[in-house]
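Lettering follows sequence order; numbering is per chain, from 1. Heavy atoms only: backbone and side chains are in, while hydrogens, waters and symmetry mates are out. Keep in mind the model is a prediction, meaning the values are calculated, not measured.
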Amino acid sequence: MSVHVTAHLLVLRAGPQCLVQDRGRPGLAHLGVPRAGALDRPAADLANRLVGNGPDAALLEVLLGGLHLRSTVGVWVALTGAPAPLRVGARSAAHATPTWVPAGETLRLGAPPTGLRSCLAVAGGIDVAPVLGSRSTDTLAGVGPAPVGAGRELPLGVPARPPAPGADTPRGPSRGRLRVDPGPRAGWCGQTAVADLCASSYVVRSESDRVGLRLDGPVLRREARGELPSEGTVLGAVQVPPDGQPVVFLADHPPTGGYPVVAVVRAEDLWQCAQLRPGEAIRFAPA
Amino acid sequence: MHLVPVGPHALLAEVPDARAAGALAGWVRRQDVPLDDVVPGARTVLFDGVRDPEGLRRLLEQAPADALIGGDLVDRQPVEVPVRYDGEDLSFVAQQWGTDEAGVVEQHQCLDLVSAFCGFAPGFAYLAGLPDRLAVPRLQTPRPRLRAGAVAIADTWCGVYPSASPGGWRVVGHTDAVMWDVDRDPPALLAPGTRVRFVAR
């Protein structure tokens with residue numbers, strides 16, 4: 001028989017947005033449930049590997065830092081994605097490196113100088129109750145745990161393995177063009193829709209969120225064809241609403257939509273959409 | 001059936017109508033194809049997260065004609081949704097249908113509907129089977145808040161709002177039936193392929 005303290009994190013400050021995310025809940029789109037899941041998937045996978053978690057463990061997705069928390073037990077953590085300065089007590093800790101947080105010590109994330117979303121993995125994973133097979137918060141339909149706020153206690157799972165420092169190196173800061181394949185309704189915006197999309201740069205609008213990266217740039221003109229009956233949409237779909245300004249569908253996108261999808265961003269490039277700040281410019285390129 | 005690629009891991013099948021979409025979605029699910037999602041739409045089925053897109057394309061090209069007909073549907077018992085016909089648009093719908101409110105209540109209960117696809121919100125099923133002549137235009141400006149269980153019509157679709165939300169459909173009544181419950185399997189009462197009848201109570 002063992003007596004032990006319930007392992008949980010106490011959130012002291014949540015910053016602009018802090019969400020529990022894992023790999024999401026694919027397979028329920030036909031019931032109207034968005035997939036959700038960490039927006040910067042490679043960063044989430046790396047953070048979990050660094051602390052010895054399996055790939056399905058839930059972690060915290062933190063928008064623009066500002067998170068302060070304390071753990072009831074000593075835990076390994078790792079921060080990836082946007083390089084928010086990480087402090088444990090008075091010490092600063094390295095990015096993308098397993099870091100020991102002693103019981104009762106306060107962990108603080110500052111604002112990242114670049115990027116938007118950091119992933120904070122904790123050994124054992126965030127062990128909130130799964131909903132429909134996932135611990136992810138879906139911001140569109142409200143499925144899954146509530147967004148994390150100050151005062152919240154987040155239960156921790158039991159660490160499966162020791163941390164794995166150096167198991168991986170974080171990716172460089174380099175970003176490139178978002179590679180696209182033609183979408184199923186490219187013809188709705190003229191014969192040259194994909195070429196038009198790739199011809200100019202687009203600026204990220206401040207309304208962008210986990211549902212979609214909303215862009216501002218040359219209008220993609222729709223040819224008159226009437227209404228598109230609702231149809232299933234994919235992650236990375238570049239949808240063109242009536243105003244002609246494209247939206248790249250991210251993890252919380254609606255499972256069906258009635259606006260034409262002219263292109264689809266390659267999955268390998270989608271992490272960039274998680275890190276682009278409003279006002280930054282991007283370009284598309286044919287895959 | 002026309003097949004359109006949607007990036008490297010997804011395929012969109014274009015079919016004649018919602019019933020064909022539902023039938024094809026059901027048929028592909030029974031073939032145990034390794035994929036993440038089968039999403040019927042109004043005139044399409046999206047296959048997403050497909051491990052072997054070429055294999056799926058061959059399977060669809062060789063699909064038997066009845067994969068689009070869904071002959072098993074008539075054998076299924078309809079889910080009965082009890083309705084209080086107290087909707088704010090009952091008289092508007094009566095006008096559109098060229099009848100009175102009692103006529104709407106009677107005809108609405110005669111509809112043999114099938115859940116074609118879900119969208120808008122988890123568990124919001126687009127129910128097909130309203131004849132074209134009974135199509136009803138949606139509101140120009142959606143109401144800011146409809147109650148959970150609002151039983152409504154728009155174009156040739158019938159539906160039930162699973163939770164309180166803004167809505168532009170014409171409301172004919174309300175139900176206490178729970179459309180969406182994450183602790184139920186499946187969580188949607190009216191999952192695609194479900195036959196549905198409305199019953200006055």
* chain B heavy atoms under 4.5 Å from A:L28: which part of the residue, side chain, backbone, both or neither? -> backbone

* Measure up the B:F120 and B:Y161 rings against each other and bin them: parallel (under 30°), tilted (30 to 60°), perpendicular (over 60°). => perpendicular

* To do: Output the option from B:G41, B:P122, B:A42 having the highest count of non-hydrogen pairs under 4.5 Å with chain A.
  => B:P122

* To do: Check each atom of B:P8 against the heavy atoms of chain A and say whether the ones under 4.5 Å are side chain, backbone, both or neither.
  => both

* Criterion side chain to side chain contact (heavy atoms under 4.5 Å, CB included) on A:V234 and B:L46, from CA distance to verdict -> CA-CA 9 Å; A:V234 299; B:L46 174 72; 3.8 Å; yes

* To do: State the OH-CH2 distance between B:Y126 and B:W157, to the nearest 0.5 angstrom.
  => 8.5 Å

* Structure fact -> Applying a strict 4.5 Å limit to non-hydrogen atoms, the region of B:R29 in contact with chain A is side chain

* To do: Among the options A:P184, A:P26, A:A237, A:P229, pick out the one with the most heavy-atom pairs lying under 4.5 Å from chain B.
  => A:P184

* Heavy-atom distance under 4.5 Å to chain B: side chain of A:V143, backbone, both or neither? -> side chain

* Check each atom of A:L31 against the heavy atoms of chain B and say whether the ones under 4.5 Å are side chain, backbone, both or neither. => both

* Do B:D36 and B:V50 touch side chain to side chain, with heavy atoms closer than 4.5 Å? -> no

* Structure fact -> The interface call for B:A10 against chain A, heavy-atom contacts under 4.5 Å, is side chain

* **N/O donor-acceptor pair under 3.5 Å between B:T44 side chain and B:L12 backbone** => no

* Under a 4.5 Å heavy-atom cutoff, which of B:L190, B:V4, B:D183, B:V182 has the most pairs with chain A? -> B:V182

* Portion of A:V131 that has a non-hydrogen atom of chain B nearer than 4.5 angstrom -> side chain

* Contacting region of B:V38 [heavy-atom separation from chain A under 4.5 Å] -> backbone

* Asked: Can any side-chain N or O of A:T80 pair as donor or acceptor with the backbone N or O of A:A43 at less than 3.5 Å?
  -> yes

* Asked: So how far is it from A:I282 CD1 to A:L178 CG, rounded to the nearest 0.5 Å?
  -> 4.5 Å

* **Shortest non-hydrogen contact between A:W188 and A:L228, atoms and distance** => CZ2-CD1, 3.5 Å

